[in-house]
Amino acid sequence: MKKIASKRKPIKKKFQNSIRKIRIIKKKAKQKRLQAQRRNISKSRVKNELPKKEISHLRSQPKLALTEKESIEVSKFTAVEILPQPTLEYNLPLRYHDNRITALARDPWWIHVYWDISETKISEIISKIPLYERENLTWVLRVYDVSGVSDFNGKNAHSYFDIEIDFRAFNWYINVNNPQRAWCVEIGVRTAGGKFFAMARSNIAMTPYFGISHLIDEEWALGDEEYYKVLGVYDLGKSSLERRKKLEEILKGQISSGAFSGGISSLFSLREKKKEKKFFLEVATELILYGRTEPTATVSVCGKKINLRDDGTFSLRYALSEGDFRFDVVSTSQDKEHTIKIVPAVKRYTIK
Amino acid sequence: MEKGYLALILHAHLPFVRHPEYDEFLEERWLFEALTETYIPLLNTFEGLIRDKVDFSLTINISPSLCNMMSDELLKERYLRYLNKMIELCEREVERTRFQDQFHKLALMYYYKFSKTKEKFTRQYNYDLIREFKDYQDKGNLEIITCAATHGFLPLLAVNKEAIRAQIRAGINSYRKFFGTTPKGMWLPECGYSEDMDRVLKEEGIRYFILETHGILFSRPRPKFGVYSSYYTKNRVAVFGRDHESSKSVWSSIEGYPGDYNYREYYRDIGFDLEYDYIKPYISPTGVRIFTGIKYYKITGPTPYKEPYLPEVARSKAAEHAGNFMFSREKQIEHLYSILGRNPIVIAPYDSELFGHWWLEGIDWLNFLIRKIRYDQKTIKLLTPSGYLKLYPKNQVISPSPSSWGWKGYYEVWLEGSNDWIYPHLHRAVEAMISAVRRFSSNDSVKSRILNQMARELLLAQSSDWAFMMKTGAFSEYAKKRTVMHLERFYLLKSLLERNFYNLEILEDIERKDNIFPEINYSIYQV
């Protein structure tokens, strides 16, 4: 990632110049704000769009706070424990200059957009703006709610809102905060007078559904009481509004705690593993027993035959716990005429 | 007469990792470990059940990329080499632990395990695991389903309908090649669903798929039976939802079984514990300590202090947990049966690597569970989703909610600060593929080969595993490298077509390296 980020830089700079050329950013103060924003972006582009509370949550989260399911999934890949790895040279197109913005839903409340607008396109659009309005232009994303609109033409959306952005971020997370709606996003510049000039329009992204539907299919209806039993939730309260609210809370809690996705609340694995790494010392001992004899001889240690190397040497390695150990080493010649026995012994103990 | 059903669904998947350009490649061990600890033990379990005439019914997805690795000659050869090396290490361990009784028994256990695995793999299975799985399907005990070709996370590829169509179609074609029939069901990678995906599934002949709990619960209109029945989507594909309760007891390490203190501790491994010079030949070629799979301790408790593992105790725990799981399902099904007016089905899907690899005793647990369900009760029966559809062909029609089984339930795991940079590249590459097919498709064999290889590279770049690794931080550099490398190879091949310069050397080199889906046909990208 590092490499990619640094590769992006020259483009950012180049862009900065071209943007300066067309004098979009003039006010010093504004520039400063943007720079501050940019610093944020280079750290993590996501954080920019999150409310403060969520940001601090993100920061406090250790890198390897994995969900239960993730730990297991990661465990498939843990022949190596996470090692520092060399950064690699990548060689992908850095830019596509295809004047495009693409929208992707992330969850019922957030969508993600990325864009790539060529310098030519920017100049072309800017040239359409009356000269006297070209100062103090702001880059914005205009987010349209186009639910149920089959032929969106820029004017027939239910509603829209604007987000001021740093053009050079090249992507953004947008809190639309509205499940089961269709969204279309335009990127463009807005004049100080509030006129919007679009550079590109996205595809339509649908935010996923959230909550139990109020739509009931008559043929497949089940009374509310029964239904809550199927869901395994009880004590929801008396009024139907109360119940609905409570149920929504429960469901939201289950999903974000991940109870739905594999018991995420209990992140024992990798995270707890990290916690274990307090200061510690472990000591173990092993004994190496080695020797040599006629290559054709038969050798045993404590009654168990051992293998000799071609030259008649042998070495054995034993883990030793506390206690007394004797090693009855016996070598017998091939013709069984000679037998030699040597018994080294050790005492393994820890000085208290 | 039974009152309901339990559908155990295993999802077996690994990303395609095969590096002929290196003599030894660490990440290939993912496959070797999963083979030794999960896939072969599963086959052993099935073998035992058949031997003891225990009727059973399970559903398993063996992902197309895993099938391709299981059937690859180079990887088979390397797996054998891996087993030999592990057996050698076990021999040394048996010797080394001779004066430590508890560890000695465990060293023998591992020695036996690896030797037995080798014998099975080479003699009994004759290096062909897929045929073994297929046999159980032919016997009627196993329903093998398929997955998107390279486990691409479909909702985030869905800006190009062709991208998800190609993933699905290539997955089905691969299945046909390995199992000789059309798959009934599809495991959507990470249960990732987005609106209208059912249309593509329908068009490609898929009859059912599985979603996360709220994929069903949040569907429109309200699903009458919660997640305890089948439904149809608007395009008449059947859909099932995961049961939260049965999932939690297995997945969660605190509330669930795998965290029991008698079970084997995953993180204490001799690769990290033993003296460096001794263990060095068996760890990473660069000398970095890694997990070897030989682990001598039990979880013991929430402390760094660990006690030696006692297999017999752990095994009886697994039996106890299987009994507990069965009992809970009986109660659950009795409760649902009394409300629903039809026999409920409890959908319990798990990553197969959970069993054996992560939770060593999980294989025993599964074995005990299947046997107990057969003999110790009458309330529930094991059933596959397609078996349930035969019993209940008439179902409510719903629009499932876009969702996934990842953290937070939607798409965030695969779309966040660490991995969002891949999508501008992936989406445009699909368009480049479609236009290349349009421009260059011909009867010329070299051109076709180039287009086919481009399709392979594109599919490989789309594996959700890469985005997942970037997010978790484990192997993120490798994941980035794989994403970029496949796209680079893709564009290199495309440039050959554009420049009318058919360099066979380049083509053959790439074909040799990324030899997944030999049967692929670029027409999957024909619009």
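Values below: every heavy atom of this structure, side chains too, minus hydrogens, waters and symmetry copies. All chains are named by letter (A, B, ...) in the order of the sequence lines, taking the proteins before the strands, and each is independently numbered beginning at 1.
Proximity to chain A involves both the backbone and the side chain of B/Phe99, based on heavy atoms less than 4.5 angstrom apart. Contacts of B/Leu336 with chain A are made by side-chain atoms alone, with heavy-atom separations under 4.5 Å and no backbone atom involved. With a 4.5 Å cut-off on non-hydrogen atoms, B/Arg220 touches chain A through its backbone and its side chain both. Residue B/Asp269: no heavy atom, backbone or side chain, is found under 4.5 Å from chain A. Proximity to chain A is limited to the side chain of B/Leu340, based on heavy atoms less than 4.5 angstrom apart. Contacts between B/Pro223 and chain A at a heavy-atom distance below 4.5 Å involve backbone atoms as well as side-chain atoms. For A/Phe210, the parts lying near chain B are the backbone and the side chain together; criterion is any non-hydrogen pair under 4.5 Å. Within the 4.5 angstrom heavy-atom criterion, no atom of B/Gln102 approaches chain A.
Of all non-hydrogen atoms in A/Leu222 and B/Ile339, the two that sit nearest each other are CD1-O, 4.3 Å. Between A/Ala105 and B/Tyr411, the shortest heavy-atom contact is O-CD1, 3.1 Å. Between A/Asp107 and B/Glu412, the closest heavy-atom pair is OD2-OE1, 4.0 Å. Across every non-hydrogen atom of A/Tyr209 and B/Ser219, the tightest pair is CD1-CA, 4.3 Å. B/Leu156 and A/Leu104 get closest at one heavy-atom pair: O-CD2, 4.1 Å.
Taking 4.5 Å as the limit, some side-chain heavy atom of A/Lys304 sits within range of a side-chain heavy atom of B/Arg98.
No other option in B/Val159, B/Thr97, B/Val397 has as many heavy-atom pairs under 4.5 Å with chain A as B/Val159. For the set A/Leu287, A/Asn203, A/Val301, the count of heavy-atom pairs under 4.5 angstrom toward chain B peaks at A/Val301. When the candidates A/Ile212, A/Thr207, A/Ile204, A/Leu316 are compared by the number of heavy-atom contacts under 4.5 Å with chain B, A/Ile212 comes out ahead. Here A/Ser321 is the residue among A/Ala284, A/Ala205, A/Gly323, A/Ser321 with the most heavy-atom pairs under 4.5 Å with chain B.
To the nearest 0.5 Å, atom OG1 of residue A/Thr102 and atom CG of residue B/Asn160 are 8.5 Å apart. Rounded to the nearest 0.5 angstrom, B/Arg96 CZ and A/Leu320 CG are separated by 10.0 Å. Note: A/Trp220 CH2 to B/Ile398 CD1 = 11.0 Å, rounded to the nearest 0.5 Å. The line from CE of A/Met206 to OG of B/Ser194 is 10.5 Å long, rounded to the nearest 0.5 Å. Here the OG-CG distance, from A/Ser213 to B/Leu217, works out to 11.5 Å after rounding to the nearest 0.5 Å. Taking CD1 of A/Ile288 as the reference point, atom OH of B/Tyr278 lies at 11.0 Å (rounded to 0.5 Å).
A/Arg317 has no carboxylate O lying under 4.0 Å from a charged side-chain N of B/Glu95, or vice versa, which leaves the two without a salt bridge.
A side-chain contact (heavy atoms from CB on, under 4.5 Å) with A/Pro208 is found for exactly one of B/Phe218, B/Tyr193, B/Tyr410, namely B/Tyr410.
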Apply the test side chain to side chain contact (heavy atoms under 4.5 Å, CB included) to residues B/Ser401 and A/Gln180: give CA-CA distance (whole Å), side-chain angles for both, the deciding distance (0.1 Å), then the verdict.
CA-CA 9 Å; B/Ser401 172; A/Gln180 206 186 347; over 6 Å; no
Show your reasoning for whether salt bridge (charged side-chain N to carboxylate O under 4.0 Å, His left out) applies to B/Lys224 and A/Glu226.
CA-CA 10 Å; B/Lys224 178 179 177 184; A/Glu226 256 66 45; over 6 Å; no
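For an aromatic pair to be called close, the ring centres must be under 6.0 Å apart, and B/Tyr423 with A/Tyr114 fails this. Ring-centre distance between A/Tyr96 and B/His425: below the 6.0 Å cut-off.
Formation of a donor-acceptor pair under 3.5 Å by the B/His335 side chain with backbone atoms of A/Lys229 is found in this model.
A cation-pi arrangement is present between B/Arg222 and A/Tyr227 under the rule of less than 6.0 angstrom and at most 45 degrees off the ring axis.
Evaluation of the side-chain hydrogen bond (donor to acceptor under 3.5 Å, both in side chains) rule for B/Gln396 yields no partner, not counting sequence neighbours.
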